[in-house]
Visitor: 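Sharing a structure below in structure tokens format, with a few things to ask.
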Amino acid sequence: MKTVTALRHVHFEDLGTLAPVLEQRGYAVQYRTVGDADFLDFDPLAPDLLVVLGGPIGVYEEASYPFLTAEKALISARVAAGKPVLGICLGAQLLATALGARVFPSGLKEIGFAPLTLSADGHAGPLRHLAGLPVLHWHGDTYTLPEGAVHLAASTLVEQQAFALGRNLLALQFHVEADAQAGFERWLVGHASELASAGIDVTALRQDAGRFGAPLAAAAGKMLEDWLDGLDRP
């Protein structure tokens with residue numbers, strides 16, 4: 001059986017709607033969670049797929065969160081070996097860092113559902129399934145496009161929303177995985193302080209999740225299936 005290891009920084013920010021797709025494709029899912037003794041205690045080249053999930057910290061906050069240094073090294077080792085990595089939000093920023101890009105505060109909080117503007121490469125690849133569909137944005141940092149990477153998507157507020165490098169590296173700044181149906185209340189409660197400080201209307205956000213959750217889950221599954229089909233397996 002194929003294996004996927006997911007690095008989880010916040011317990012409710014898990015694989016969400018992507019988990020059933022992975023399981024249907026024959027992947028055994030294993031989480032490694034921040035704070036657990038075995039968080040990074042594994043061979044980075046062993047899993048068939050590594051997914052680096054989101055979290056409310058910056059990749060540049062190593063002084064406050066020392067595990068980030070080891071996590072970056074683990075991702076870098078996997079990238080150097082050409083092994084598949086999917087990065088989501090913080091995971092996308094960690095992947096960008098591993099590729100030599102700069103991650104920094106964007107100067108705004110992009111939180112809520114809004115559509116993407118896909119590049120020509122975005123339309124030609126797996127992200128085409130997300131065209132015209134509001135996806136969940138929830139971040140305050142952005143990154144420079146890594147050297148050699150292909151820009152896939154932008155939003156009206158933030159240019160860098162997705163990139164790919166070859167077939168095996170995909171970074172998504174937005175939350176395609178979030179369960180915006182049954183599991184969304186955990187996001188609203190877990191990030192209550194951030195929502196309040198950013199002046200986000202929680203009721204409106206909850207209503208948007210109800211409107212867009214089901215179509216987003218379906219499109220995310222198709223996107224992931226396409227990406228998995230295209231992987232190179234060194």
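It should be emphasised that the depicted structure is a prediction, and the values quoted were computed from it without experimental measurement. Scope of the values below: all heavy atoms of this structure, side chains included, with no hydrogens, waters or symmetry mates.
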Visitor: Could you tell me whether the side chain of Val21 reaches within less than 4.5 Å of the side chain of Met223, counting heavy atoms only?
Guide: no

Visitor: Quick check for you: to the nearest 0.5 Å, what is the distance between Leu228 atom CG and Leu86 atom CG?
Guide: 8.5 Å

Visitor: Can you check whether Lys83 reaches Asn168 side chain to side chain, under 4.5 Å on heavy atoms?
Guide: no

Visitor: Closest approach of Pro20 and Gly16, non-hydrogen atoms and distance?
Guide: CD-O, 3.6 Å

Visitor: Group every Ile, Leu, Val, Met, Phe, Trp and Tyr by side-chain heavy-atom contacts under 4.5 Å, then state whether Leu130 and Val158 land in the same group.
Guide: no

Visitor: Does a donor on one side chain sit under 3.5 Å from an acceptor on the other, for His11 and Glu13?
Guide: no

Visitor: Holding to side-chain contact (heavy atoms from CB on, under 4.5 Å), I want the full list of residues that pass it with Thr5, two or more places apart in sequence or in another chain.
Guide: Leu7, Gln30, Arg32, Phe42, Pro47, Leu50

Visitor: Taking salt bridge (Lys or Arg N to Asp or Glu O under 4.0 Å) as the cut-off, I'd like each qualifying pair that reaches into residues 128-141, sequence neighbours left out, listed once.
Guide: Arg128-Asp226

Visitor: With hydrophobic residues grouped by side-chain heavy-atom distances under 4.5 Å, do Leu99 and Leu74 end up in a single group?
Guide: yes

Visitor: In Å, rounded to the nearest 0.5 Å, how long is the span from NE2 of His139 to NE2 of His137?
Guide: 6.5 Å

Visitor: Kindly say whether Ala153 contributes a backbone atom to a donor-acceptor pair with the side chain of Ser119 at under 3.5 angstrom?
Guide: no

Visitor: Taking C-beta and beyond as the side chain, do Val176 and Leu127 meet within less than 4.5 Å on heavy atoms?
Guide: no

Visitor: NZ of Lys2: more than 12 outside heavy atoms within 6.0 angstrom?
Guide: yes

Visitor: Any idea which heavy atoms bring Ala96 and Pro146 closest together, and the distance?
Guide: CA-CG, 4.1 Å

Visitor: Check step by step if side-chain contact (heavy atoms from CB on, under 4.5 Å) holds for Thr144 and Gln160.
Guide: CA-CA 7 Å; Thr144 57; Gln160 298 297 338; over 6 Å; no

Visitor: Can you measure from CG (Leu152) to CG (Leu116) and round to the nearest 0.5 angstrom?
Guide: 10.0 Å

Visitor: Under 4.5 Å between side-chain heavy atoms, hopping through other hydrophobics if needed: is there a path connecting Leu231 to Val79?
Guide: no

Visitor: Tell me the salt bridge (Lys or Arg N to Asp or Glu O under 4.0 Å) pairs involving residues 48-71, sequence neighbours left out?
Guide: Glu62-Lys72

Visitor: Please step through side-chain contact (heavy atoms from CB on, under 4.5 Å) for the pair Gln173 and Val135, ending with a clear verdict.
Guide: CA-CA 11 Å; Gln173 178 63 61; Val135 300; over 6 Å; no

Visitor: What pairs with Ser155 under side chain to side chain donor-acceptor pair (under 3.5 Å), at least two apart in sequence or on another chain?
Guide: Glu110, Gln161

Visitor: Taking side chain as C-beta onward, heavy atoms only, is Leu136 less than 4.5 Å from Phe184?
Guide: yes

Visitor: Checking Asp14 now: which residues fulfil salt bridge (charged side-chain N to carboxylate O under 4.0 Å, His left out) with it, not counting sequence neighbours?
Guide: none

Visitor: Look up atom CD in Glu159 and atom OG in Ser106, then write down how far apart they are to the nearest 0.5 Å.
Guide: 13.0 Å

Visitor: Per the salt bridge (Lys or Arg N to Asp or Glu O under 4.0 Å) rule, what does the pair list look like for residues 184-205, sequence neighbours excluded?
Guide: Lys109-Glu194, Glu185-Arg206

Visitor: So, do Arg8 and Leu15 sit near enough that their side-chain heavy atoms are less than 4.5 Å apart?
Guide: no

Visitor: List the residues meeting side-chain contact (heavy atoms from CB on, under 4.5 Å) with Ala46, not counting sequence neighbours, and say none if there are none.
Guide: Asp43

Visitor: Spell out, yes or no, whether Tyr27 and Trp227 are grouped together once hydrophobic residues are joined by side-chain heavy atoms under 4.5 Å, including indirect joins.
Guide: yes

Visitor: Using 30° and 60° as the class limits, which term best fits the ring planes of His191 and Trp138: parallel, tilted or perpendicular?
Guide: tilted

Visitor: With sequence neighbours excluded, tell me which residues meet side-chain contact (heavy atoms from CB on, under 4.5 Å) with Ala171.
Guide: Ala92, Leu95, Phe163

Visitor: How about Phe113 and His175: are their ring centroids closer than 6.0 Å?
Guide: no

Visitor: Who passes ring-ring contact (aromatic ring centres under 6.0 Å, His included) against Phe67, sequence neighbours left out?
Guide: Phe39

Visitor: Is there side-chain contact between Val52 and Leu90, with heavy atoms separated by less than 4.5 Å?
Guide: no

Visitor: Would a single hydrophobic cluster contain both Leu53 and Val34, if residues Ile, Leu, Val, Met, Phe, Trp and Tyr are joined by side-chain heavy-atom contacts under 4.5 Å?
Guide: no

Visitor: For residues 94-107, which residue pairs qualify under salt bridge (Lys or Arg N to Asp or Glu O under 4.0 Å), counting only residues two or more places apart or in two chains?
Guide: none

Visitor: Taking all non-hydrogen atoms of both residues, which atom of Gln181 and which atom of Ala217 are closest, and how far apart?
Guide: NE2-CB, 4.3 Å

Visitor: Using the side chain to side chain donor-acceptor pair (under 3.5 Å) criterion, which residues pair with Arg167? Sequence neighbours excluded.
Guide: none

Visitor: Give me the atom names and distance for the closest heavy-atom approach of Leu68 to Gly58.
Guide: CD1-O, 3.4 Å

Visitor: How long is the gap from CG on Leu205 to CD1 on Ile111, to the nearest 0.5 Å?
Guide: 8.0 Å

Visitor: So Asp36 and Thr33, do their side chains get closer than 4.5 Å, heavy atoms only?
Guide: yes

Visitor: With heavy-atom distances below 4.5 Å as the criterion, would you say the side chains of Val103 and Leu94 are in contact?
Guide: no

Visitor: Where is the tightest heavy-atom contact between Gly148 and Leu165, given as atom of each residue plus distance?
Guide: O-CD1, 3.1 Å

Visitor: side-chain contact (heavy atoms from CB on, under 4.5 Å) with Ala73: which residues, sequence neighbours excluded?
Guide: none

Visitor: If I take atom CD from residue Glu177 and atom OG1 from residue Thr17, how far apart are they, to the nearest 0.5 angstrom?
Guide: 7.0 Å

Visitor: For Ala162 versus Leu172, what's the shortest heavy-atom pair and its separation?
Guide: CB-CD2, 3.9 Å

